[in-house]
Structure formats: C-alpha cells, structure tokens
Undergrad: 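Can you keep this structure in mind? I'll have questions shortly.
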Amino acid sequence: MSYSDSLSKALDAAGACEGARIEAESGGRTYRGVLMPHHEFSSPDVLIIKIGSGYNVGVRMWPESKITVLDRPHEAHKKEDAVPVADGLPSISLIGTGGTIASYVDYRTGAVHPALSASDMVNAVPEIRDVANVSAKVLFSIFSENMNVEHWQKLAEAVAEEMNNGADAVIVPHGTDTMGYTAAALSFMLEGLTGPVVLVGAQRSSDRPSSDASSNLLAAARFCTAGHRAGVFVVMHDSLGDDSFAVHAGTRVRKMHTSRRDAFHSVNAPPVAHIDSSGTIEPHVPEKPAHGKVIVKNAMERNTVLLQYYPGMSPGLFDDIITRSKGIVISGSGLGHVNENMVPLIRKACDNGSVVVITSQCLSGSTNLNVYNTGRDMLSAGAISVGDMLPETAYVKLMWALANTRDVEEAKNLMKRPIRSDTGDRRTVDV
Amino acid sequence: MSEEMKCGIEIHQQLETGKLFCSCDSALCETGKGAYFRKLRPTTGETGEIDRAALVQFKRGMGFRYQRCDEASCLVELDEEPPHPVNESALETALTYACMLDADVIDEIQFMRKIVVDGSNTSGFQRTSLISTGGSVEVNGRKIGILSICLEEDAARKIETKGDEVTYRLDRLGIPLVEVATAPDMTTPEEVMEVALRLGTLLRATKKVKRGIGTIREDVNISIPGGARIEIKGVQELRMLPDFVRNEIGRQKMLLRIKDVLADRGTQEALFEPVDVTAVLKDCPSKVIKGALDDKGKVIAVRLRGFAGVMNGDDGTLRLGSEMAQYARTKGVKGIFHSDELPNYGIEQQHVDALREALRLPPDEAFVICAAAEKRANEALRTAVERANEALKGVPEETRDPQPDGTTRYSRPLPGAARMYPETDVPPEEITQERLERIRSNLPEFPEQTEARLTEKYGINRQQASQLVRQSHDELFSEISDAYGMAAVAATMLTNTYTELERDGSSPESVSDASVMELFSLLKQARFSKEAVPALLREMASGTGVEAAIKKLGLESVDSGEAAGIISKIVKEREEFVRSKGMDAAGPLMGPVMGALRGKLDGKQASDLLEAAIKKLISKE
C-alpha cells in the first residue's frame, strides 16, 4: 500500500524524501529521525521514521500534523575495491542474475535492493580470492520467479562467451525458486563444455550474518577449482549446518523445501559430489571436460506446457491448451497415469503431431506405462514415458528437443535417451 | 550519596505467552538434540565496509553449534523458516504494560533486526520492536521517567564453550521479552531496588509473565560526577541491586582517586614495549609461570613508569591492577602479575630484582608481566597497558558482569549505537485508537488494588497482602482461601514460611501451585496439623510429593484417642511433678507434649487433652 493522497502531498510540500532527516509532529507528539521507505503493508497514513535509537516507528499523520525537513539525505559512498589478480590460480567468471543470493538491505533507508553488484558479491567472500581469480558481471537483476525462457537463452550465450574467452569455470548466482529449471536449460543448451558451470543460490539473503550465500559460493568455487570436471551443476547446503555441501547434476536437481538451507536434492541419482567445510571434495561422477569451443544450442519450442494431473481434471478445460501445444509434459499419478477420460485428448494431440511426454508426480522412482491398462492405453494413444526424468527437466528438454531436431520422431528418441544424465536405468536403495 | 550518582535500569522480563514468532512452547529443556554447525559472517554495512572486529572473529574460525529441543524449537529457531506473524498475546501484554506506565504507544509497530554476531541468535540478529516512549512510574512519592518499552525475542542459551566453538540450546531463543528502560532518575542504591521491584510487580500484574530464576534480568546504568557510564548487565537477583550500585560507586571513586594521584605525579602514558623475560624467570617456582613455560609459552614484561602504588596500594584501597587483569583475561590468559603485588605467588624478591634489572628500571618503578603463549601474552599485556593508561583520564565506559559477591568484572567496552534494519519478514502492526481505548479501560488490577482486595476479602493484614503481591503469590493465595478457607494459614505460609525456607537455602518456589493446593486439601481433611506445614513444605521443596512427604516425616495426624494415650503417658511419667504443681503443671508439660505430637495434632487440641489428663490424674487422688 502506498501513501494516501493527502500524505503524499504533505510530504511533497515539505520537500521530504526518503533518507531525509525530518521532524514529524502528530497527535501531540514529536518524532525526529530519518524518513524510511513506506512498507507495503503499512497504513497509507503512516510515516516510518528511524529515530535516534535505531528503531523504526510508524507515525500516524492527520491533516493537521506537521512535517519539517531538518536535513537532506546523505549520499552513502561505496568503496569499490579493485580485485587483485594472483598468478597461478584458476580463473572463474561470475555471472550475476539476481535472487536472494544477490539481494540486500540498505541499512540507511531499509530499502531492499534486488541486486548486489557482482564485485560486491566477490568482496563479501574475500576467501574466494585464495582459491581463484574471480571476475564478475551482472547479467540480470531479477528474482528467479521472473526468470523466463529468454533469460535462459541469454544466460547460455553469456556462459559460453566467458568459457570461450578463457574462464576455467563459470559460477551463476541465481534465485532458488526456479534454479532447477535454469540448470536443466543450461545443461541442454551448452555443448562441449570445457569446465564446470555452477549455479549457486541462497535461502537466506546476504545481508544477514547467517546467510548461506557466502558459504555456498565458496563451496562452488572450491568445486570449480578441483579441476577435470565439466557440466552444469548446482551447489547448495547438504544439511542444516554450514559444514556440508552437495554438488547436484543440473538435470537431476529439484528444490524440495520452501525455506531450508538444504532445500535442493538430487532425485533418482546421487549428488555428483560432497564438499565438507575443509574443502575436501568427494566426487562420484567425474565427467571429462571437452576441448575447443563451447557451442550454444539455445533454440526452444515455446509452445510447450507442463501439466500436473489431478483427480477431477477436466478434458474439456484442457482441450484447447493441449491441442495448441507442440509439446505436452504431463506429471501423472504413480507410475505416470491419468484418468482414462484424458486418454482421447492425448490421442488427439499425438495425431495432431504433438509430443506427449509422461513423467510422475511422485518424483522419486521411474514411470512405467506397461503395468496397468490405463498406462497401456496412454502408450497406444501415442504418449511416451521418460523413465525417472524429473517433470521440470522433461519440460525443459522437450522444448529444446522440439527446437533442435528435424521431426517429431527424432525429438521423441532424444527424449527417451539420456543425453545430460537426465534419466537413468538404475535406481539403488540409497537414492 | 544522593546528589552524587545517576542511575537508570533496564528490565527484561520473559512472557508466558508462547514464543514470539512461532508456535513452540516457551519452556527450557533438560537436554538438546543434534549440534548444527553454523558460522555468522559480518555483513557489509551501508558504507560497504565490514566491521573489522567482527571480521577478525570470523576469520579466527569462530563457529557455533545449535542444539534443538523437541517441543521448544522448530525450523524458525534454526533460522530455516521465516518468522510467523507476531504472537498477539505477547504484543497485547506489552501494550497493556505500556498503558499501565502511561506511556505513548507507537501508532504502527515496526519490527527491527538488531545485529548480534556472538551466536546467541541463529539469524545473527535479534528481532525487536519499540512499543512506546515516555511514561513514568512512582516510587515512594518520586516520579521516575520511563524512556522506552520494547518487545523482543530472547536469545539462545549458552551451554558450553570449547576452543573456537560455542554451543547453544535453542529452547530460550524466541521467548518474548518485555524490555523497559528508565531514565537515569534514581539517586540512591535503595531506590534502584525499589524501582526495579515496582516495575517487576507491575509486569507481574499483567498475569502474563514467567516466574522463577532467569525469567527476569536487570541491566543497571550508573555514573557519578567525573566518572563514566557503566552498564552492569544481567543481574538476576533483585535484592543484590543496591550492593552492585554501591560497589560500583566505590569503584568509580577509587578510579578518580587514582587519576588524581597520577596527575600529581605527572605520570605519562606508558608505552607498550614488550620485553621477553623468559630467561630471567626460567627457574622461578611460580606454578603459573612453570605451567606456561611447560606449554612452550614465554614470559613477557612491560614497563609501567609512574604507576607504582596504584595497582595495589594504600592498604589495598587502590586497585588498578585488578582492573588491568580483568582486561588481560579477555584475551584468553589466566592473569597477569604486577609489581605492586610482588614478591608473591612463588615469584621471589630475587626474581623481582632480576626483572627490574632486565627492564633497566629503578627499584621503585612499576612493571607488569604475563606468562602464556607469546602472541597471547603480548595481546593481554597490550590491553592491560591500555587500561592502565585509561586511568590517567579517569573511568572508562564499560559493560561489566555481575559477580555473586556483589562486585562486577569488566566484560567489554560499551557497545556503540546498535546496527538495526527492518525485519521485512514481519509485517508492521497498526495500533488503532480503539484498541488502545479497549486496553486502557481493561487494565489489570494494580498491586495496591490487589492488596486492598486481599485485606478486605480474606481478613489478612496489609503487610501480608503487600508481601503476597510483591512475591506474586496473590493468585495462589486467593485460590487456596477460596477453596479451603484457612486464609490466615495460607498467608503465613506464603509469606513467612517461604522467606524462612529461602533463607535456609531451600527453594519453596519450585513447588508447583498444584502441589500447594493438594497440601491444603489434605490439611483441610485433617491429615496433619497446620504446625506440620513448614516441615512438609521444606520436604516438598526438595522434590518429594505431598503424600510421600507426610509419610517420610511421620506427620500423619493421630486421632484424639491415640493422642490422649500419648499425653497421659507423658503425664504419668511426671506424676510426682504433676501432683506437686496441680493444674499449673500444664504449662511446663506442653513442651514434651508438643515434642511428641508436633505436626500430628493441633496445638489447641493438644493443650485441651493435656489439661484433661492432668485433671484426671489429680482427681484420682
């Protein structure tokens, strides 16, 4: 909620802006302090003032209340330290995209800033300079819920450019909400990676002393400099403590908790590596880096949808959506099922030349449409199932497959085959 | 003393409303589970600079472990889930208290994050809000100003410190605290206690506060003219407040005397010039020095020209040395030795002479030594010398820790302005005029009103009523009296008996209200006599149940037949005496009778039975 008209006018008339020292006289009391930004949930007639003790107080203003400006806002000058380059250390490029890892509060006004400059991010973790020479740039400054397919495409180009310009590794600080999708998208879009591309996020913003941003970033840097690995990964906390981190394959990772530090899990596959607080890395799947240039294949078929089946799903309601889409991923129940009344719609889409891909909303375990009648009917209708691939990964992969193959059959074959460790045949008891 | 000191207090009272930002029990747990490891990183401030001291601590690898508790902690305490909306009952209590002190309540309450990086908050900050400014409290006809009332969350409990790791338990984290700060209006040590007592009693009048040790903590700010503001943090025992104040005034006066002595001498700031004197003391029998040298440590010395006689002098009334040692200890050494206290502690005159020679000091000049790992000894001595130099200026501003003997010890410099920024996860809470009106017209009973009600309704005297209220026993008292009558017995027990037991080191407050009610229910059934109450209560305070206590102490009432038998036996044994005295024997015989029947029989009943027995014996003549 913003200020009421009358309060806006009163502030303008007094020449009071955020950060100014003001005196507010209201209801027989006087408060002096710095005018703070208006909170979204504050009442429209309330001014927020940071008083001498450091506390913010909300002061209700009446028509007869008075505002006097005592002092203009002071500009805070930020020092930008040049980052020294050390010989013999690997070089890491940092590409900022925004998100919690890159959000902070201006202590003076209390305003939440969506982006920290990339160099701020490096400076906030000075230890990172002991393991690598880090250069940084900001590509986007958005929360990950606002991340779109175009952003994936631009990011893929930026990553390839850094690698092709000699970076040994690229770290992408990213909002956590859709980090799994972006990791999958980069996994498919980048070919011939010469080093690791690591997405890293934070569940607690960097302005808090308890933020996980810096420890995740440092763990990512340590993984990057351990050498001889290539691929797209996500590095986050592996437990509630700041002493254990996991490296996940970009196509296998999913945010499984709304708020915990260890929200990210590898599903249907073990994490690629564990990193402990001393920096010791235990890799499970060493992937060999390629040589030569990184190639970007970032075309995506945008007419692709991801649907979750639910009891009561109405074929009528979805008819139009499914008919108009080139690619349809359905997150089915159990082994991958939908209500039998949806099967004619699947047949219609397939006959239409669309690709219908079945995954499971159980997430853990593989789909299998051969076990029950409904499943067999779905296969007969033309749907394909993609083993233990995550629904989100299947959605991203289908967009990519449809845009990077010549025909539907080729796209279907690509979907069923693991190309970036995105699906697998073996699931052991431990994962 | 009255024109000399200025004193203000801050009281932190835990509320019994459940936690401030989650739905956990606000109870302490005997044990904790797990030990989640965390680090707290100093964050960049508004100028892009990191607090250097905090960074040093972080780089040193200081880490924290957190133990969770099943019922008393959840993901919120672990900083794994955002805070829930503020506990309405806690907020209502803080608002009520503000109205009771006639304070100006803030129109829209804003929660803040106050940066705290010692690990006591998993988030690295304490959530706190200013509820009101202004207001006052009247004590003995004097009006003491109130500066602020805040509602904030309590910190985690420190369990142990091992090397660079501190372990905390999360049960206490998030318990709501009402913090009330007074203006520096108090002028005597006794007044400080009276004001604290009054503010505490008013808090308890809300009926929403926790009771018992550790649930209320006082910080005291004291200064005298020419002295400096000293904060004594975390006093738990109210009755010790005057001692702390008195001792602090004495300490500041002592430091001012030292300042004058040094000024008369023309003493200049001592330079920190450490000299390795390990070789001089390598054969010294001092245990401290031997121990340090065995650990590959060194003995370092620093000259303190012009400081002789003030570190420990004038018959021990000047004690700068102990202030210096307190500073040195914050750097992790066991202590320091200064020349005013030597020879002693195994350091003999020959060593002192050798030290002066090594330091090229004349016989009357001062020095200080420290035995520890070289780096640590140097750090400790640097701090000690800095503290000595402060004495030239007078009293340095400090935060001090209260000690059980009423003195205090240096803990750290006074903190600067707190770094606070908005807690964006908790929405602001508008306090409407209607809500305030409703609170104001439903204020809880004030202590005076409660006292008047107790005297009137239960017929106890005003002094007892006042004590019941001050010690928060008024509710239990009313409950007992309403259920079982016996108001006089209940009042005596809750005032005199409780005080006596506490004086003897017993803790009657640990007996639950339910157990006390049971005690009275059995008393009502005449299972024991009212004389047995103190003994039973003492037994119950050590953890015994009511029934078990009665059995253990053998206080089961005797019926009057059995009692008559015991009494007539006592009379018979003293037949000759009784016959000679006649009915006058009753008085002297009450002693042995009560000795045999105390607690088992009402005194009046015993006396009646005794008289009957005497009469019977005499009439047989």
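Proteins come first, then strands; the chains are lettered A, B, ... in the order of their sequence lines, and each starts at number 1.
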Undergrad: Got A/R260 and B/E81 here, is their nearest side-chain heavy-atom distance under 4.5 Å?
TA: no
Undergrad: Could you tell me which portion of A/V57 (side chain, backbone, both or neither) has an atom closer than 4.5 angstrom to a non-hydrogen atom of chain B?
TA: both
Undergrad: Is chain A contacted by the side chain of B/S129, its backbone, both, or neither, given a heavy-atom distance below 4.5 Å?
TA: backbone
Undergrad: Crowded around B/R438 CZ? As in, over 12 foreign heavy atoms under 6.0 Å?
TA: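 It does: B/R438 CZ has more than 12 such atoms within range.
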Undergrad: Within the side chain of B/E80, is there an N or O that forms a donor-acceptor pair under 3.5 Å with the backbone of A/R261?
TA: yes
Undergrad: Sort out for me which of A/L240, A/V46, A/V59 touches chain B most, counting heavy-atom pairs under 4.5 Å.
TA: A/L240
Undergrad: Does A/R208 pair with B/D79 as a salt bridge, N-O distance under 4.0 Å?
TA: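 Counted as a salt bridge, because a side-chain N and a carboxylate O are separated by less than 4.0 Å.
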Undergrad: How far does CG of A/N56 sit from CD1 of B/I106, to the nearest 0.5 angstrom?
TA: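 Reported value, rounded in 0.5 Å steps: 10.5 Å.
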Undergrad: Quick one: which of A/H257, A/R29, A/Q203 has the most heavy-atom pairs under 4.5 Å with chain B, could you say?
TA: A/R29
Undergrad: Does any heavy atom of chain A fall under 4.5 Å from the side chain of B/I109, the backbone, both, or neither of them?
TA: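 Interface part for B/I109: neither.
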Undergrad: Does the side chain of A/P209 come within less than 4.5 Å of B/R41's, by heavy atoms?
TA: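 The answer is no, as the side chains (C-beta and beyond) never meet within the 4.5 Å cut-off.
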Undergrad: Counting only heavy atoms closer than 4.5 Å, note whether B/S123 contacts chain A via side chain, backbone, both or neither.
TA: both
Undergrad: Kindly give the heavy-atom pair with the smallest separation between B/P427 and A/H39, and that separation in Å.
TA: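 Nearest pair, atom of B/P427 first, then A/H39: CA-CE1, 4.4 Å.
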Undergrad: Out of A/G241, A/G28, A/G58, which one racks up the most heavy-atom pairs below 4.5 Å with chain B?
TA: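 Heavy-atom pairs under 4.5 Å are most numerous for A/G58.
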Undergrad: To check you understand the geometry: which heavy-atom pair defines the closest contact between A/S42 and B/Q110, and what is its length?
TA: OG-NE2, 4.2 Å
Undergrad: Hey, what do you get for OG (A/S259) to CG (B/L78), rounding to the nearest 0.5 Å?
TA: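 Separation between the atoms: 10.5 Å.
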Undergrad: Can you tell me how far CG of B/D107 sits from CD1 of A/I48, rounded to the nearest 0.5 angstrom?
TA: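 It is 11.5 Å, given to the nearest 0.5 Å.
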Undergrad: Does atom CG (A/D130) have a neighbourhood of more than 12 heavy atoms from anything else shown, all under 6.0 Å?
TA: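 More than 12 within 6.0 Å, yes.
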Undergrad: How many angstroms lie between atom OG of A/S53 and atom NZ of B/K114, to the nearest 0.5 angstrom?
TA: 8.5 Å
Undergrad: Give a yes or no on this: more than 12 heavy atoms of other residues, nucleotides or ligands lie within 6.0 Å of atom CD of A/E64.
TA: yes
Undergrad: Are B/K39 and A/S214 packed together at the side-chain level, in the sense that at least one heavy-atom pair is separated by less than 4.5 angstrom?
TA: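 Side chain of B/K39 against side chain of A/S214, heavy atoms only: no contact under 4.5 Å found.
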Undergrad: Tell me whether A/D243 contacts the main-chain N or O of B/F37 through its side chain, where contact means a donor paired with an acceptor under 3.5 Å.
TA: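 No, the answer is negative, given that no donor and acceptor are paired below the 3.5 Å cut-off.
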Undergrad: Is B/V76 close to chain A through its backbone or its side chain, or both, or neither, when contacts mean heavy atoms under 4.5 Å?
TA: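 Looking at B/V76, nothing touches chain A.
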Undergrad: I'd like to know if B/E108 and A/R60 make a salt bridge, using a cut-off of under 4.0 Å between side-chain N and carboxylate O.
TA: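 Result for this pair is no, no salt bridge flagged.
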Undergrad: Below 4.5 Å from any heavy atom of chain A, which atoms of B/L75 appear? Answer side chain, backbone, both or neither.
TA: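 Interface part for B/L75: side chain.
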Undergrad: Could you tell me whether the side chain of A/Y55 reaches within less than 4.5 Å of the side chain of B/M420, counting heavy atoms only?
TA: yes
